[in-house]
Amino acid sequence: MSEQTQAHAQAGPRREWLFSALHLFVLSSFAIAQPLLDLLAPNAAFFAARKAPPIDVFAVVLGLILLPPAALVGVEGLAFLIRRSLGRFVHRSLVLALAVIILLPLLKRVPGLGDPGILTGSALGGGLALLAYVRVRSVGTILTLLGPAPLIFSLLFLLHGDIAPLLTVGTAARIAAGPIPQAGDAEPPDVIMVVFDELSLPSLLNDEGQIDAELFPNFARLAAGSTWMRNATTSAARTAAAVTSMLTGRAQKQSTVAAFAAHPENLFALLRSSHRMVVDEGPTSLSPPDLRPPDPPSSERLWALAEDLSFLYAHVVLPPDAEERLPPIAMTWQGFWRQGTPEQPRLLGNATWPGRSMRFRNLIGSMERRGEPVFYYIHLMLPHSPWNLLPSGQHYAVGPQKLMQPGWRWLDEEWVPVMAYQRYLLQVGFTDLLLGELLDRLEAQKLYDQSLLIVLSDHGLAFEPGEFRRRPTELTLDEIMHVPFFVKLPFQREGRILDRNVESIDVLPTITDTLGIEIPWEVDGRSALEDAATERETKRVWWKNMEWSTDAALPQDWRATERHTSLFGKNPTWEDIYRMSTRPDWVGRLADLRVEPGVAAAGAVFRPKNQNTLGDGADDLPHMVTGTIHAPPGQSPPSEVAVALNGVIWAVVPTTNRKGRRARFTVMLSEDARREGRDALELFAVTKKDTLKRITL
């Protein structure tokens, strides 16, 4: 064989492998990189919540674009080295797999197509795609021409309006507010600002429009000694825009990223010359970078990024039934896989990422009288989902559940958002407990009287079947936009209620008005304490780039409050919240109810890890008792079930997520519902005759 012939023979396999590698890069970008980049681009909070430096953003892009196809190309290259035919087989197998993965999220959008249909359709579609790739030369040519796709996906992501500001390395703010005017020799006041997340004002109210002191004594305590802006509303229904509005005084009319590089003119920059900063921002990064604690080691940060990206990708590609077994995507934007575990610190090298409540307690533990004024700021991700905390702070395991349609819209089943609302209220109860710990600490350290204390929420949350949980509609606007907002002025003793139109953009001017300093930039808001100000006649709230407006008057009838009363009655206790039932007159009974002989269905109850078998009893029942009911062949599952604990009915609830012979149920058990030793748990179907029929566990 001549040298030229030998060179051509060697060039053939090499050229084939190079084109095969290019095709794998293209397919991988469509199967893996593009879906994740498309999800992350409008959700820059994924990076802001972890205070990711620009290098981490670039690392995510390069990692998604390069690492998966590089691994596939490496496997294929090794196969080509062994034998050319083996290399072709491996290459075609990888093309088939990537084609199936590309089709999975597309077929998930087809209404009524269950898991078997999605998997079958993806497999058949992938097989046809492979057949076309092997037999039709133009298909390979198209993939070759799509070679720039990975680069295009990367550029579109990096140039996105929410991502681009994250790539700017921020510098220390140069805004000087000047000295704060003081009376005599008095010390400047400390400023304490607490921002809760997803805390809707109606959830705190009783049917008389007052704070429910039975369920939320510490919010009532705060209202009794502060100025309660009862008609306060958020300016935006997304955290990034809402918090940016608060801290800059400017309405965020477009989708925004809450980062210092994008909004350097903010409250942190304004007060840094007069106050020492103690800041825990949670999901935003508006404080100047030099005020933040050191970043964890890069290897630990990138590992955490990879972990969370794998979780998001599982939600993207898994069929619906399989996806339901995952924890939901909670918009805390980090630590997804750990949602089902108690709130323990997460160690990253020498740094610690504590749980939500621990971070709050760490901050209030640092509060003490000092010789200099301090600005304490914390954005507490409570009562934000995941909802897994009881009013005492006790963590509970969350069983498999399906609450949402795509796009964060509640399922169109009346009881699904009702169950979520019950768990949300329990977590609001714990939020109230933490607020009480803050007030106790301030009083113990003799900081309460002289401090300016601001307590508010970024936005609310709606619980209406078939509606979006955060995107406003006419039905949900009040519950989403109305938020608690309390201002305790220095040395304020008595409570005061103001019902004037107040919005998030008024938070910064209210603080500066109280401190007596000027804002050196244009703002849209004004002080909520300014009695002479002309009343705004409308309220506005933004969701991404859409504006909603409504009359400025305080609502007289709260739809959410009416729902609350219908579920739990007037002046409910926590026992009423736990024992929420469709048949409250059955609660606490069993012996005098009619139980039909025989078995209605079989039930399987969720068991947390290390949980003893349920049925005849368990040493430690979970607080969230949830399970699946399977009806006999040819029958439908019951529409309503009664859950009995230790011989009496605990709650009667409708079943949800009904599909074929399967349905689900959920009830919550209070901490004092169980007895020492083994608890007897029984499950009954409620028949059409209003009698009970046992479900075997």
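The structure displayed is predicted, hence computed values, not measured ones. Counting from 1, the numbers follow the sequence of the chain as shown.
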Do side-chain atoms of S235 reach the backbone of S504 as a donor and acceptor pair under 3.5 angstrom?
-> yes

Please check if the side chain of N206 supplies one atom and the backbone of G209 the other of a donor-acceptor pair under 3.5 Å.
-> yes

Is a side-chain donor or acceptor of Q252 paired with a backbone partner of V243 at a separation under 3.5 angstrom?
-> no

Is there a donor-acceptor contact under 3.5 Å from the side chain of Y448 to the main chain of D440?
-> no

Do the side chain of R250 and the main chain of E522 share a donor and acceptor less than 3.5 angstrom apart?
-> yes

For T473 and E467, does a side-chain donor sit closer than 3.5 Å to a side-chain acceptor?
-> yes

Answer yes or no: is there a donor N or O on one side and an acceptor on the other, between the side chain of K539 and the main chain of V502, under 3.5 Å?
-> yes

Between H482 (side chain) and T233 (backbone), is there a donor-acceptor pair under 3.5 Å?
-> no

Mind checking whether Y377 and F268 have ring centres under 6.0 Å apart?
-> yes

Backbone of Q492 reached by a side-chain donor or acceptor of D449 within 3.5 Å = no

Have N218 and D432 got a donor and an acceptor in their side chains that come within less than 3.5 Å?
-> yes

Plane angle bin for Y424 and W387 - parallel if under 30°, tilted between 30 and 60°, otherwise perpendicular | perpendicular

Report yes if the side chains of R409 and M404 come closer than 4.5 Å at any heavy-atom pair, otherwise no.
-> no

Does the pair E281 and T284 meet the rule for a side chain to side chain donor-acceptor pair (under 3.5 Å), with working shown?
-> CA-CA 6 Å; E281 284 194 75; T284 63; 2.8 Å; yes

Parallel, tilted or perpendicular, as decided by the 30° and 60° cut-offs, for the rings of H564 and Y421 = perpendicular

With no hydrogens and no angle check, do the side chains of D576 and T573 hold a donor and an acceptor under 3.5 Å apart?
-> yes

Expected output: side-chain R493 to main-chain F491 donor-acceptor under 3.5 Å | yes

